[in-house]
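To start, the structure under review is shown below, and the notes come after it.
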Amino acid sequence: MNLDAMSKAELTALISENAGNSRNSEIFEYARKIRYKHYGDKVYLRGLIEFTNYCKNDCYYCGIRRSNDKIRRYRLSADEILLSCGTGYGLGFRTFVLQGGEDGYYTDDKMAEIIGRIKEKYPDCALTLSLGERSRESYQRFRDAGADRYLLRHETANSEHYSQLHPPTQTLKSRMECLYTLKELGFQVGAGFMVGSPYQTNESLAEDLLFLKDLQPHMVGIGPFIPHHQTPFARMERGPLHLTLLMVALVRILLPKALIPATTALGTIHPQGREMGLKSGANVIMPNLSPVAVRQDYALYDNKISTGKEAAECLDALEKSVSSAGFRLDFSRGDHPDN
Ligand code: 5AD
């Protein structure tokens, strides 16, 4: 199965034909085989610190969008972030992901200071940032300060679809430029998209694959769209489980060495969602390391899980369910092999 050589029409047909198939299909088998070839049964861990839920953007799907005045907003101080890293380090994590809304409070200076402090204290750890679109100069400063990786989902590679998910101030062009810039600056880069977001078609999913083929990101985050009741998409349907797993499998086949998380959103729509993600080709899990007091406030979508086996402090439970799915937690940094 050579996805690399397929046209948009062929990829669209492939997605349509398999959108409803059982997980025993050839595609899932093949994705598992490729994953084993490069990663065996390893599942890399990332400690996720959601450090601010302030956001200047107004994405129609997201619960922490600017216009949502019903949520409690919070910001973690540098000391609080360091404390979370300390907890994570003690638990064995060797990658920290700082994720937040696009919050101007965290100026380049502030971010550089936080990054510097984390890298100084934990030089053996990888640091991933996920704080949205910034200028090349900002990204360069983060890189110089020691950040290793950057996650920025493209959300959809179809510009018309992008404009149905975001207000006109946000454009796909700008998102894509950021991703290529991050790559140029030497970050390990993560792109990604939601599955089943409003107005998505199988053709736009095919475009996501073509975009990923061009970008060649090191990481790809894929999760189902889940409505949040305080957004314009409150009444939209959530993304289907099987289609999400299919896209995970196809991305594994397209980018054999990619680091692909079994996302929290997958775990939210099905109790075994993350294990199913692993069996479909995913090889990363990002347990929540945010202070428990703010976890409920980082609600991108409704019913987001945060205190069960997806919580960093419940690694034992995670270990159990991951091993019963046939995989093994790996506590190394888990860099992309080509980096
Ligand atoms: N459902 C699923 N995923 C969402 N995200 C934001 N809002 C939602 C939602 N309602 C995802 C986006 C973003 C990532 C941090 O979370 O893809 O990039």
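Model, not experiment: these values are computed from the prediction. Whatever order the structure lists ligands and atoms in, that order sets their numbers, starting from 1.
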Quick one: do the Arg252 and Asn283 side chains pair a donor with an acceptor below 3.5 Å? yes
Distance alone, cut at 3.5 Å: any donor-acceptor contact between the side chains of Glu133 and Ser174? yes
Could you tell me whether Arg94 sits above the aromatic face of Tyr89, with NZ or CZ closer than 6.0 angstrom to the six-membered ring centre and within 45 degrees of the axis? yes
Tell me the residues surrounding ligand 1, counting only those with a heavy atom closer than 4.0 angstrom, sorted by chain and number. Tyr61, Cys62, Arg153, Glu155, Met194, Pro224, Phe225, Ile226, Leu300, Tyr301
Which one of Thr12, Asn158, Thr201, Asn202 satisfies the side-chain hydrogen bond (donor to acceptor under 3.5 Å, both in side chains) criterion with Glu207? Asn158
Verify the distance criterion only: is there a donor paired with an acceptor across the side chains of Ser321 and Arg274 at less than 3.5 Å? no
Is it the case that His154 and Tyr162 place a side-chain donor and acceptor less than 3.5 Å from each other? no
